[in-house]
> 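Mind having a look at this structure? Questions to follow.
Chain letters run A, B, ... following the sequence lines, proteins first, then strands; residues in each count from 1.
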Protein chains: 2
Amino acid sequence: MPDRISELHAELCKTLGSAIRIEILNALRGGEKTVRELSAALRVRQPNVSQHLAVLRQRGVVTTRKDGVNIYYGISNPKITQACELMKQVLVEQLKEGMELTRLTSPARR
Amino acid sequence: MPDRISELHAELCKTLGSAIRIEILNALRGGEKTVRELSAALRVRQPNVSQHLAVLRQRGVVTTRKDGVNIYYGISNPKITQACELMKQVLVEQLKEGMELTRLTSPARR
DNA sequence: AGCAGACATTCGTATATATGCATCTACTTA
DNA sequence: TAAGTAGATGCATATATACGAATGTCTGCT
């Protein structure tokens, strides 16, 4: 019986639970970018990028700014970047410990 | 065309993308707990808790320690907690800015 | 050995998510 | 106002995830 905060928290995490969206965020660390630029940089079709951006937007992870014909997307809160950075560190540490192997063999018993 | 690191990163995020799992992690901040304790604390059926724990285990988010009949679960890396804390802060800031409303009306144009 | 308690796993079903393709809309500029 | 371009949306399908109910597996005790 999860409470509201946990649900929002989970939604936020779920929002980051896509490799493409992670790469979008990584790309946006260097500053605002348009959909085209992202599409080109990640080599992902434009409608697909658009949809992922829509998800990120809905959760308030990215913001939009119109400039002429283009729409520039940016990261809404630097803490998002920080959180991602921490998680990446966790990953790195796991890899160092050879978790890559353990991942497949760890069901606690049997 | 997402790379391997981004995929692992996304998997880690996806792992946190469940309200129940978030609450499990919150509960584990106070120290190790058994499946029963978690099941009781969250008011979620045991097999369900077990499944979520299995997911967390696979991704190396939690660790297990057997003690007699019980299996104690704990958070494997304090950085996980830190990352969660950051994300919760993002949530709080969003709520303060009235994002709760904007979430429903933000499709950038139309 | 047999039983009971603590976890794990399997299966079926309901629901969500991702993607490609085609299409549509809204600006901007000529 | 017509054209062109950036971006969004709808639809269909494939795939993944969540949960309940039932069942399986250890382990410790008597």
> Run the side chain to side chain donor-acceptor pair (under 3.5 Å) test against B/Q51 and tell me which residues pass, sequence neighbours left out.
none

> Using atom CD of A/Q58 as one end and atom P of D/dA8 as the other, report the distance to the nearest whole Å.
12 Å

> Using heavy atoms and a sub-4.0 Å distance, could you list which residues of residues 28-38 of chain A are near DNA chain D? By number, please.
A/T34, A/V35, A/R36

> Which nucleotide in the list C/dA6, C/dA18, D/dA6 gets nearest to the side chain of A/H52?
C/dA18

> Return the set of residues passing side chain to side chain donor-acceptor pair (under 3.5 Å) with B/R45 (not counting sequence neighbours), or none when no residue passes.
none

> Could I get the full list of side chain to side chain donor-acceptor pair (under 3.5 Å) partners for B/N70, not counting sequence neighbours?
none

> A/K66 has a side chain; which of C/dT28, C/dT9, D/dT9 sits nearest to it?
C/dT28

> Choose from C/dA18, D/dA21, C/dA6 the nucleotide whose nearest atom is closest to any side-chain atom of B/N70.
C/dA6

> Reading DNA chain C from 5' onward, which residue's closest nucleotide shows up sooner: A/V69 or A/V55?
A/V55

> Side chain of B/K14, heavy atoms from C-beta onward: which of D/dT17, C/dT17, C/dC7 has the nearest atom to it?
D/dT17

> Who are the salt bridge (charged side-chain N to carboxylate O under 4.0 Å, His left out) partners of A/E37, not counting sequence neighbours?
none

> Provide, to the nearest angstrom, the distance between the CD atom belonging to B/E7 and the P atom belonging to C/dT17.
19 Å

> Can you measure B/R65 atom CZ to C/dC7 atom P for me and round it to whole angstrom units?
12 Å

> Between atom CD in B/Q51 and atom P in D/dG24, what is the gap in whole Å?
17 Å

> Calculate the interatomic distance between B/I71 atom CD1 and D/dG28 atom P; express it in whole Å.
11 Å

> Hey, does the side chain of A/R21 come within less than 4.0 Å of C/dT19's phosphate (OP1/OP2), counting only N and O?
no

> Quick check on DNA chain C: between A/G68 and A/S18, whose nearest nucleotide comes earlier from the 5' end?
A/S18

> Considering only NZ, NE, NH1 and NH2 on the basic side and carboxylate oxygens on the acidic side, decide whether B/K96 and B/E93 come within less than 4.0 Å.
no

> What is the separation between atom CG on A/D67 and atom P on D/dA6, rounded to the nearest whole Å?
14 Å

> Mind calculating the distance between CG (A/L56) and C1' (C/dT17) to the nearest angstrom?
14 Å

> Send over the distance from A/Q46 CD to D/dT9 P, rounded to a whole Å.
11 Å

> Would you tell me if any nitrogen or oxygen in the side chain of A/N48 comes within less than 4.0 Å of OP1 or OP2 on C/dA18?
no

> Could you tell me whether a side-chain N or O of B/T64 sits under 3.5 Å from a main-chain N or O of B/Y73, the two making a donor and an acceptor?
no

> Taking 4.0 Å as the cut-off, does a side-chain nitrogen or oxygen of B/Y73 come that near to OP1 or OP2 on C/dA6?
no

> Looking only at side-chain atoms of B/R45, point me to the closest of D/dA21, C/dA22, C/dT28.
D/dA21

> Return yes if some donor-acceptor pair links the side-chain N/O of A/E23 with the main-chain N/O of A/A41 below 3.5 Å, else return no.
no

> Would you please name every residue forming a side chain to side chain donor-acceptor pair (under 3.5 Å) with B/R36, sequence neighbours left out?
none

